[in-house]
A.B. asks: 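Have a look at the structure that comes next, please.
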Amino acid sequence: MPTSRARARNVLNRPEFMSLHHQPVRGAGAEARAGARRPSHKAQQQQQQQQQQHAGQGCEHAQQQDAVENGRERREFPEEDCMQLNPSFKGIAMNSLLAIDISVSKRLGVCAHTTSSWGNMRAIVKLLALTGHGIPWILGTLLCLTRSNTLAGQEVLVNLLLALLLDVMTVAGMQKLVKRKGPWEMSPSFLDYLAMDVYSFPSAHASRAVMVAKFLLAHLVLAVPLRILLVLWAFLVGMSRVMLGRHHLTDVGCGVALGFLHYSLVEMVWLSSSTCQTLISIGTLNWSPFY
């Protein structure tokens, strides 16, 4: 028996059976496996920061997309065609009137393009509108002033020139202040740039035609048919700008009111014959202060 026990001990002491004498440490192995499975605290913080950064970038990208879409919508719909929400009765009424004005003006723009319903009449309508342009009227008045030999004629022509210059400067200032565009997108012509008639409100042609017609009716002796033709000319000049798509109806209406106002101002500050002669002498470089 002792020999069998000694043999058993010798067998158990072999290297391949040594692991049977020692039990594995469960706590250390579990912690090692848990440490291997679980990420460290710093790694968790880094992951959270990366997630926050990705979320912030996603929000910024979404905001940029919304801004781009809003910009596209604003470019697709002009400001004149968009009615701003206003709960007051005054704001609703004004927006409704502006919408009606835009709609009716676009329908009346029958000569706006060559492909419009009255496109074949576009050249005639443009010629009619040219008769109310500021540059031809100013140049024509200066030419008549150089050819006039009477004091009365020179007095009338100098005051007419003053009225034309007042009209051009006043309308250009108001257009620059309001900066309203016409119902149809069109680039101004070279003569429009010279006369500073770039924007839509108010209509310079309507203002000038009414002022000139009123001035000529008051200071020239004309027959009744000529008076009727003069009034009809002023009306057609204003309507021609609407037919060409350059102005709204409200632009022409305000231009007519400005024309009457300009005529009233010129009548109030009417220059006498002596003052006109002094201005003519200064303009022709023949003025002498000791004369």
Side-chain angles (χ1 to χ4, degrees), residues 127-177 188-198 202-238 240-241 252 254-291:
L127 182 62
L128 178 61
L130 185 61
T131 60
H133 204 281
I135 300 300
W137 273 101
I138 292 175
L139 295 178
T141 304
L142 290 173
L143 180 62
C144 293
L145 188 59
T146 57
R147 299 297 180 90
S148 178
N149 296 323
T150 61
L151 295 178
Q154 292 175 356
E155 179 183 352
V156 172
L157 290 172
V158 169
N159 284 277
L160 177 60
L161 182 62
L162 176 64
L164 290 171
L165 294 176
L166 176 65
D167 177 81
V168 169
M169 299 303 295
T170 304
V171 174
M174 292 186 65
Q175 287 186 358
K176 191 68 175 178
L177 182 64
S189 62
F190 177 71
L191 288 177
D192 292 334
Y193 280 112
L194 285 180
M196 295 177 289
D197 186 11
V198 180
S203 174
H205 288 70
S207 173
R208 192 171 304 110
V210 170
M211 186 270 297
V212 170
K214 183 67 175 170
F215 189 93
L216 296 180
L217 289 173
H219 297 283
L220 294 182
V221 179
L222 300 174
V224 175
L226 291 178
R227 288 176 173 269
I228 296 174
L229 287 177
L230 195 58
V231 174
L232 183 62
W233 166 78
F235 173 76
L236 291 177
V237 167
S240 66
R241 300 295 288 176
V252 175
C254 292
V256 170
L258 271 179
F260 283 107
L261 178 62
H262 292 158
Y263 169 76
S264 301
L265 289 176
V266 171
E267 290 293 325
M268 289 175 60
V269 296
W270 186 267
L271 301 180
S272 61
S273 179
S274 60
T275 305
C276 293
Q277 293 302 314
T278 303
L279 292 176
I280 293 172
S281 300
I282 294 174
T284 56
L285 302 178
N286 292 328
W287 178 66
S288 176
F290 302 104
Y291 178 72

A.B. asks: Which of parallel (below 30°), tilted (30 to 60°) and perpendicular (above 60°) describes W270 and F215?
C.D. replies: parallel

A.B. asks: CG/L236 to CG/L232 distance, rounded to the nearest 0.5 angstrom?
C.D. replies: 4.5 Å

A.B. asks: Quick check for you: to the nearest 0.5 Å, what is the distance between I280 atom CD1 and S273 atom OG?
C.D. replies: 8.0 Å

A.B. asks: I need the minimum non-hydrogen distance between V237 and G132, along with the two atoms involved.
C.D. replies: CG1-CA, 4.1 Å

A.B. asks: Which distance, rounded to the nearest 0.5 Å, do you find between the CE of M211 and the CG of D167?
C.D. replies: 4.5 Å

A.B. asks: Side chains of H219 and E267: donor-acceptor distance under 3.5 Å anywhere?
C.D. replies: yes

A.B. asks: Does S148 reach the main-chain N or O of L145 with its side chain, forming a donor-acceptor pair under 3.5 Å?
C.D. replies: no

A.B. asks: Any chance you could lay out the side-chain contact (heavy atoms from CB on, under 4.5 Å) test for L164 and V212, step after step, and finish with the verdict?
C.D. replies: CA-CA 8 Å; L164 290 171; V212 170; 3.9 Å; yes

A.B. asks: Can you give me the closest heavy-atom contact between Y263 and A218, atom names plus distance?
C.D. replies: OH-CB, 3.1 Å

A.B. asks: To the nearest 0.5 Å, tell me how far L157 CG sits from T150 OG1.
C.D. replies: 8.0 Å

A.B. asks: Applying side-chain contact (heavy atoms from CB on, under 4.5 Å) to V168 and I138, what does each step give before you reach the verdict?
C.D. replies: CA-CA 10 Å; V168 169; I138 292 175; 4.2 Å; yes

A.B. asks: Rounded to the nearest 0.5 Å, what's the gap from CG on L226 to CG on L216? Could you check?
C.D. replies: 11.0 Å

A.B. asks: Is a donor on one side and an acceptor on the other found under 3.5 Å between the side chain of N159 and the backbone of E155?
C.D. replies: yes

A.B. asks: Might you work through the side-chain contact (heavy atoms from CB on, under 4.5 Å) test for L162 and V158, ending with a clear yes or no?
C.D. replies: CA-CA 6 Å; L162 176 64; V158 169; 5.7 Å; no

A.B. asks: Where do V171 and S207 come nearest, in terms of heavy atoms and distance?
C.D. replies: CG2-OG, 4.1 Å

A.B. asks: Does the side chain of Q154 reach to within under 4.5 Å of the side chain of C276, using non-hydrogen atoms?
C.D. replies: no

A.B. asks: Would you compute the distance between atom CG of L151 and atom OG of S272 and round it to the nearest 0.5 angstrom?
C.D. replies: 11.0 Å

A.B. asks: What verdict does the side-chain contact (heavy atoms from CB on, under 4.5 Å) test give for L217 and V231, after you've listed the backbone C-alpha separation in whole Å, the side-chain angles of each residue and the deciding distance to 0.1 Å?
C.D. replies: CA-CA 9 Å; L217 289 173; V231 174; 4.0 Å; yes

A.B. asks: Can you name the closest pair of heavy atoms from W137 and T131 and give their distance?
C.D. replies: NE1-O, 2.7 Å

A.B. asks: Over all heavy atoms of both residues, which pair between A129 and R241 is shortest? Give the atoms and the distance, please.
C.D. replies: CB-CD, 4.0 Å

A.B. asks: Do you know the tightest heavy-atom contact between G238 and A206?
C.D. replies: CA-CB, 4.2 Å

